[in-house]
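Below: one structure, written as structure tokens.
Residue numbering restarts at 1 for every chain, and letters A, B, ... go by the order of the sequence lines. Everything numeric here is computed off the predicted structure, so don't read it as measured data. What's counted below: heavy atoms across the whole structure, side chains too, no hydrogens, waters or symmetry copies.
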Protein chains: 2
Amino acid sequence: MHTLGFEHHDHHRCKREALDAAEAHCARHRLNLTPQRRRVLEILLEGHRAMGAYEILDTLRDEGLGAQPPVAYRALDFLVTNGFAHKIERLNAFIACTHPDATHTPAFLICRICDAVAETHAEPARGMLGAAAEAAGFEIEQAVVEAVGRCPRCRDGAAPCR
Amino acid sequence: MHTLGFEHHDHHRCKREALDAAEAHCARHRLNLTPQRRRVLEILLEGHRAMGAYEILDTLRDEGLGAQPPVAYRALDFLVTNGFAHKIERLNAFIACTHPDATHTPAFLICRICDAVAETHAEPARGMLGAAAEAAGFEIEQAVVEAVGRCPRCRDGAAPCR
DNA sequence: CTTGATATGTTACATCATAACGATTATCAA
DNA sequence: TTGATAATCGTTATGATGTAACATATCAAG
């Protein structure tokens, strides 16, 4: 599994691919990727980082696509529910999914210096956590896994990523 | 490692032990466990569940120990920094540590029905997540691991825990 | 005593999120 | 086509969570 986020890459292409994947998925599953929802996904893909709901809303407002918080939260709820975006609990923010095709258990690497976020994959439920849950009689349905630390750039003492 | 949280146990004793451990730790490390901080820890131990900062503040206010949000947040910050309590990101709430002595990487099992929380232990940084981080050049300093699912009682179709 | 570090009290505000309700649009069976 | 139903959107209002900033108080060390 590829960990996308810190290294340089072709933003234009990864945006294009994610949008295509979302459209294909919605077509297959009869989901309604409305202009509003599609635009919010685009904004997340263009930002290519964790963004707050109000930051997204500011853009929507500038474009005449909605001015009130529920507009942004509804679109984000659709995107998260269908796996096109994820919520980063630690940051109270949202980020476009970079593994749109894979059925996955996302995990995130969050830089505490510059707030850059990389998505990766982990299945904690298979290891110690799964064993502990089983022993406690707990049924895991979903897992929030967010590692906090320093991204490569900030470790190198370079200027923060942004 | 014992997973504490869902099963019945002696609350009075576990509160006593956690307070003793906190006092001993503070004495050893010259930390100032002020009445306010101590009381917030007691409130968390008595609640024995994840509690919001404002819920804690309500109790402090009733007792004349502080009325404004920073009072609660400062005490919680002290407790979290020193490992006597943890923040549950998924719930924006705080819970007393149930493994006060062990140097640990806490992980939590959160019931989505009744919001009960059990603390357990996991070291995701040793498994897939650690490998992914290393490959990405990311240095993990801390990890948020929160499994969401159903606790034993709610699985059994019993009335929710609370 | 004075100085510096720590802790507390308070105001004001910033940020994140949702309930509720009405208007509109899409869907589809009759 | 039409009427019923569900999904989506627009808006108001409010709730919930969290912090910046500054004044005051306490206390240990020089």
Contact nearer the 5' end of DNA chain C, comparing A:Gly52 with A:Pro70: A:Gly52
Among the candidates C:dT8, D:dC9, C:dA17, find the nucleotide nearest to the side-chain atoms of A:Arg37. D:dC9
Ranking A:Ala93 and B:Leu31 by the position along DNA chain C of their nearest nucleotide, the one closer to 5' is B:Leu31
Geometric class of the B:Phe84/B:Phe78 ring pair [parallel <30°, tilted 30-60°, perpendicular >60°]: tilted
B:Leu60 atom CG is separated from C:dT8 atom C1', nearest whole Å, by 13 Å
A:Leu33 CG to D:dC9 P: how many Å, rounded? 10 Å
What I want to check is whether an N or O donor and acceptor connect the side chain of A:Tyr54 with the base of C:dA17 at under 3.5 Å. yes
Interatomic spacing from OG1 in A:Thr120 to CE in B:Met128 - rounded to 0.5 Å: 7.0 Å
Which nucleotide wins on minimum distance to the side chain of A:Asn32, given the candidates D:dG10, D:dG18, D:dT8? D:dT8
Quick one: B:Tyr73 OH to C:dT8 C1', roughly how many Å, whole number? 18 Å
Would you call B:Arg61-B:Asp58 a salt bridge at under 4.0 Å N-O? yes
Rounded to whole Å, how long is the line connecting atom CD of A:Glu55 with atom P of C:dA17? 13 Å
Side-chain atoms of A:Val71 come closest, of D:dT8, D:dG10, D:dA13, to D:dG10
Of the candidate nucleotides C:dA7, D:dT17, C:dC16, which contains the atom at the shortest distance from the side chain of A:Asn92? C:dC16
Starting from P on D:dA16, measure out to NZ on B:Lys87 and report it in whole angstrom. 16 Å
If you check every side-chain atom of B:Arg74, which of D:dT19, D:dC22, D:dG10 has the closest atom? D:dC22
Round to a whole Å and report the spacing from CD of A:Gln68 to P of C:dC21. 18 Å
Classify the nucleic acid contact of A:Arg30 as base, sugar-phosphate or nothing, counting any heavy atom under 4.0 Å across all strands shown. nothing
Check whether any side-chain N or O of A:Glu146 sits under 3.5 Å from a backbone N or O of A:Glu89 as a donor-acceptor pair, and report yes or no. yes
Taking OP1 and OP2 of C:dT8, is either one under 4.0 Å from a side-chain nitrogen or oxygen of B:Gln36? yes
Would you call A:Glu46-A:Arg39 a salt bridge at under 4.0 Å N-O? yes
If I take atom CZ in residue A:Phe94 and atom P in nucleotide C:dA17, what distance separates them, rounded to the nearest angstrom? 5 Å
Protein-nucleotide distance (A:Leu57, atom CG; C:dA14, atom C1'), rounded to Å: 16 Å
